[in-house]
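Scope of the values below: all heavy atoms of this structure, side chains included, with no hydrogens, waters or symmetry mates.
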Amino acid sequence: MLRLSALAAILLALPLAEAHAQKATVRGFITDASDGQALQGVNVGITDATGNLRGSVTNDDGFFIIIRLAPGQYTLQASFIGFETALDSLSLEPGGTVHLAIALEPGLALEEVVIEAERDGGAMVTAGLQTVRPRDVDLVPTPDVSGDLVSYLTTMPGVISIGDRGGQVFIRGGEPSHNLALMDGMHIYQPFHILGFYSAFSSEILRNADIYAGGFSTKYSGRMSSVIDVYTRNGNSQQMRRTISLAPFVSMGILEGPLKKGTLSYLFSGRASTVERVASGYVDQPLPYTFGDFFGKLHAVINANHQISVSAIHTYDRGTLDADVANVDLIRWNNTAYGLRYLISPSSLPILGEVLFSISDLDMRLGPRDEPIRSSTINGFNLAVNITNFGERTTVDWGFFLRGPHLSAALGGLYQNFDFTDDRITATGGYFEPEVQITPEVKVRSGLVVQFLGDQGLYLEPRLRLSWERGIHNVSAAGGLYRQEAVGLNDRRDATNVFTVWAGSPTGSLPKAIHALAGYRAAPVDWLRLSAEAFYKDLSSLFIAEWTASPRFTTRLQEASGSAVGLDLRLEVQRRSFYGFINYGLSSVKYNAMQETLPVWFGTDTVRFRPPHDRRHQLNALARLSLEGFDISARWNIGSGLPYSRVRGFDRFVLMDGPVDIREESGEPRVIYDRPFEGILPAYHRLDVSVERSFNYGDDSHITLQAGVINAYDQSNLFALDTFTLRRSNQLPLVPTMGIKFEF
């Protein structure tokens, strides 16, 4: 596969190389001189003797390239807010390529200006894509000194969480298993911890995360709803650094530094929950949760054209979602993944290549440790080759992939009409997606994914993304066809049931989605951004638990179709010492399902209903104020009630397993449910507040103190109603938090 991809890269680039034979190229990587981290968004300009200017901007790896330059003398300038500008004189030969490694020295810019430079912003969304940086994540109040990506995700419109426990995130109508979660190219099948404030993606190891709520490009395949593509930072390549944080919910340690200064670095991170041992002592609610994660990364700069990194992560979770019930079954899961990333910029070709190889494993179990009632595992490998060809007005992304997940489950009869056994799915294919700059304002990306799934045949998935930008205005749109070969099944009759079964399609029909979205963004003044985006998703070949008139512990699977439509509105304010945004999401999700028993109850063989994650209205407001050395953050969110199945009435059930005198036999009491999910639970709202202060000591050491309150006005928010007993279970009450972080 690697040889084929390399040959294809050469063949594709030959015409480009010939056309550029008499022209010169300048390329390179730009890093922070203080720690060796790649700098994204650096403006690189190159000026000839007559004053003509050509430019580029570094990508997430700090890479830039300027092609088709006439031979001659040039002046290069690299500038980035908060850093000293780098200047260099270049002499370009015909057909020559200059490779640069530029390390920018941090300047004396004000901290507020640096923050502005590093933040993309809550309203910076383009055709469903928002890029999130560590400083964005750290804005959100959490019961920890450090932030976590999942806390920021839940402030975004269109993102629904079932609450402060469970590890479930729904994005624009899709199920959690419809989200593709990647970390340095590794598949993370269950990225969120059992306590909803935490995930595998701590802001302390985060470089950036690209969140596609829909309409994602051809580089991503195998999921039908959204993409969470996370890249971690490299370890400090200049000096050893240590970070230790202590808090009642979780504690963390990080060790990083150079193995060979400037070229080889390491980063190791570990987090362990303390909530069960510490926070349970003062929170007026049982907190039977244990979780944590361990991450390691080695990064090497081989030379000016080659870089390689090796990453590994392990996460673990154990707990009960309904702590008020005695002898309730434990839910537990473990993620393990290992990955390699190889970055190459060949000397003679205007391309940037990336090779990703990883092995991932998820093991999920429900019930006693020694004899679980149910278990499900998914493990396998993922190989991807991603290549970008650079032209003056055209950029071509293309590549190959090979995936081989192995699926197994033991469900104890949960789904009566399907017998799950071991299954291996092999998916192989490629993609091709050129971006054409039709005019200085208009860019169009059209692409195609070609995927082969063994006995299931060949599938084509066309994609389209476009944007128009002029002055303060930006208009974007995206759409495409998306399929998913591995199905995640969950019994949504009970909102507290997060056990997910990974399997091949039960009927052979792959779940499919068609996306369409359009957005507008404007910046009328420097400190204000506005955006609006409308979306539609058509969903088919979904597999859900069928509706039943009375509670039962096992169920049958039924096929369903659905749709999700909505509107996201965002307003963002960014001043010298204040940052804030308000997001509003309006959405409607509907499922259509068919089953044999419906005509008996409702006189129809089709039922249309709102699934239990359909939150019609959601508003998030976040503010951060820097005052006299203190950073004060507050987040308030409110969401309309989620659907649930109401009780229609009660009767008594008599089992006629022989001669029974119904005058003497009273039968067992039974609940009879109404149509599925026609009731609405109460609205959810909560205010979280935190205050931080950092102190410097020594030459380059810091202490950060944090104090805050989760659910500041002690709102009794509903977590779930038990579908069998209708007993209420609440979210977390008012929780005071505090923490301390040492960096040295």
Legend entry - Residues E256, R241; criterion salt bridge (charged side-chain N to carboxylate O under 4.0 Å, His left out); working and verdict: CA-CA 5 Å; E256 60 182 303; R241 299 291 297 171; over 6 Å; no
Inset, instruction - Decide yes or no on side-chain contact (heavy atoms from CB on, under 4.5 Å) for F63 and S345, but give the supporting numbers first. - result: CA-CA 9 Å; F63 177 79; S345 175; 3.5 Å; yes
Inset, instruction - Run the numbers on T142 and Y198 for side-chain contact (heavy atoms from CB on, under 4.5 Å), then give the verdict. - result: CA-CA 9 Å; T142 63; Y198 302 100; 5.6 Å; no
Legend entry - side-chain contact (heavy atoms from CB on, under 4.5 Å) evaluation trace for I30 with F64: CA-CA 8 Å; I30 300 182; F64 74 93; 4.0 Å; yes
Legend entry - Step-by-step side-chain contact (heavy atoms from CB on, under 4.5 Å) determination, R570 to V125: CA-CA 9 Å; R570 310 174 190 226; V125 57; 3.9 Å; yes
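Across all non-hydrogen atoms, the minimal contact from A123 to R521 is O-CD, 3.3 Å. Here the closest heavy-atom approach between residue F291 and residue F249 is recorded as CZ-O, 4.3 Å. Pairing each heavy atom of E533 with each of T126, the nearest pair is OE1-C, 4.4 Å. Heavy atoms only, all atoms of each residue included: I313 and A200 are closest at CD1-CB, 3.8 Å. Between P524 and I472, the shortest heavy-atom distance links the atoms CA-CD1, 4.0 Å. Across all their heavy atoms, D568 and P157 have their closest contact at OD2-O, 3.4 Å.
At least one donor-acceptor pair under 3.5 Å links the side chain of S199 to the backbone N or O of F201. Judged by distance alone, with hydrogens and angles left aside, the side-chain atoms of S626 form no donor-acceptor pair with the main-chain N or O of D631 at under 3.5 Å. Listed for the Q40 side chain is a donor-acceptor partner under 3.5 Å among the backbone atoms of A38. Remark: side-chain polar atoms of D229 are not paired, donor with acceptor, to backbone N or O of M183 under 3.5 angstrom. Side-chain N or O atoms of S577 include none that pairs as donor or acceptor with a backbone N or O of L625 at under 3.5 Å. A donor-acceptor pair is defined here as one N or O able to donate and one able to accept, closer than 3.5 Å; such a pair exists between the side chain of T154 and the backbone of S151. Of the possible polar contacts, one joining the S360 side chain to the H187 backbone as a donor-acceptor pair under 3.5 Å is found.
We find the CG-CD1 distance between N236 and I254 to be 12.0 Å, quoted to the nearest 0.5 Å. Here the CG-CG distance, from L352 to N59, works out to 6.5 Å after rounding to the nearest 0.5 Å. For the atom pair N382 CG and L356 CG, the distance stands at 7.5 Å (nearest 0.5 Å). One finds the NZ atom of K297 at 3.0 Å from the OG1 atom of T232 (value rounded to the nearest 0.5 Å). The line from CG of D48 to OG1 of T75 is 9.0 Å long, rounded to the nearest 0.5 Å. Atom CD1 of I66 and atom OG1 of T25 lie 10.0 Å apart (nearest 0.5 Å).
Taking the side chain as every heavy atom from C-beta outward, P141 and V689 never approach each other to under 4.5 Å. Considering only heavy atoms from C-beta on, V355 stays 4.5 Å or farther from R341 through its side chain. Between N234 and Q37 there is a side-chain heavy-atom pair separated by less than 4.5 Å. Side-chain contact between S79 and V42: absent, with no pair of heavy atoms (C-beta onward) separated by less than 4.5 Å. Within the 4.5 Å cutoff, side-chain heavy atoms of S202 are placed close to those of M252. Here the side chains of F581 and V573 are not in contact, with every heavy-atom distance at 4.5 Å or above. Taking 4.5 Å as the limit, every side-chain heavy atom of Q238 sits out of range of all side-chain heavy atoms of S34. Looking at F197 and V150, their side chains never come closer than 4.5 Å, going by heavy atoms from C-beta outward.
If you run side-chain contact (heavy atoms from CB on, under 4.5 Å) between F192 and each of V169, D148, L149, only V169 comes through. Results of the side chain to side chain donor-acceptor pair (under 3.5 Å) test with Y152 over Q130, R133, R635 single out Q130 as the only residue that passes.
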For residues 203-211, which side-chain donor-acceptor pairs fall under 3.5 Å, sequence neighbours excluded?
| residue | atom | partner | partner atom | Å |
| --- | --- | --- | --- | --- |
| S203 | OG | D138 | OD1 | 2.7 |
| S203 | OG | G147 | N | 3.2 |
| S203 | OG | G147 | O | 3.2 |
| E204 | OE2 | S146 | OG | 2.6 |
| E204 | OE2 | K741 | NZ | 2.7 |
| R207 | NH1 | D60 | O | 3.4 |
| R207 | NH1 | D61 | OD1 | 3.0 |
| N208 | ND2 | D60 | OD2 | 3.2 |
| D210 | OD1 | T131 | OG1 | 2.8 |

Would you mind writing out the side-chain donor-acceptor pairs for residues 261-270 within the sub-3.5 Å range, not counting sequence neighbours?
| residue | atom | partner | partner atom | Å |
| --- | --- | --- | --- | --- |
| T263 | OG1 | K260 | O | 3.4 |
| S265 | OG | G235 | O | 3.2 |

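Listed by chain and number, the residues in a ring-ring contact (aromatic ring centres under 6.0 Å, His included) with Y342 are H306 (sequence neighbours excluded). Every side chain to side chain contact (heavy atoms under 4.5 Å, CB included) that S701 has, sequence neighbours left out, goes to Y697, F744. Every residue two or more places apart in sequence or in another chain that forms a salt bridge (Lys or Arg N to Asp or Glu O under 4.0 Å) with E433 is listed here: R445. Here T243 pairs with nothing under the side chain to side chain donor-acceptor pair (under 3.5 Å) rule; sequence neighbours left out.
Using modelled atom types and a 3.5 Å distance limit, the side chains of T704 and E692 yield no donor-acceptor pair. Side chains of H314 and T336: a donor-acceptor N/O pair is present below 3.5 angstrom, by distance only. A side-chain donor-acceptor contact under 3.5 Å links N305 and S347. With no hydrogens or angles considered, a side-chain donor-acceptor pair links W398 and N389 at under 3.5 Å.
A salt bridge between D293 and R271 is present, with a side-chain N of the basic residue lying under 4.0 Å from a carboxylate O of the acidic one.
A cation-pi contact, defined as under 6.0 Å to the ring centre and within 45° of the axis, is absent between R624 and Y579.
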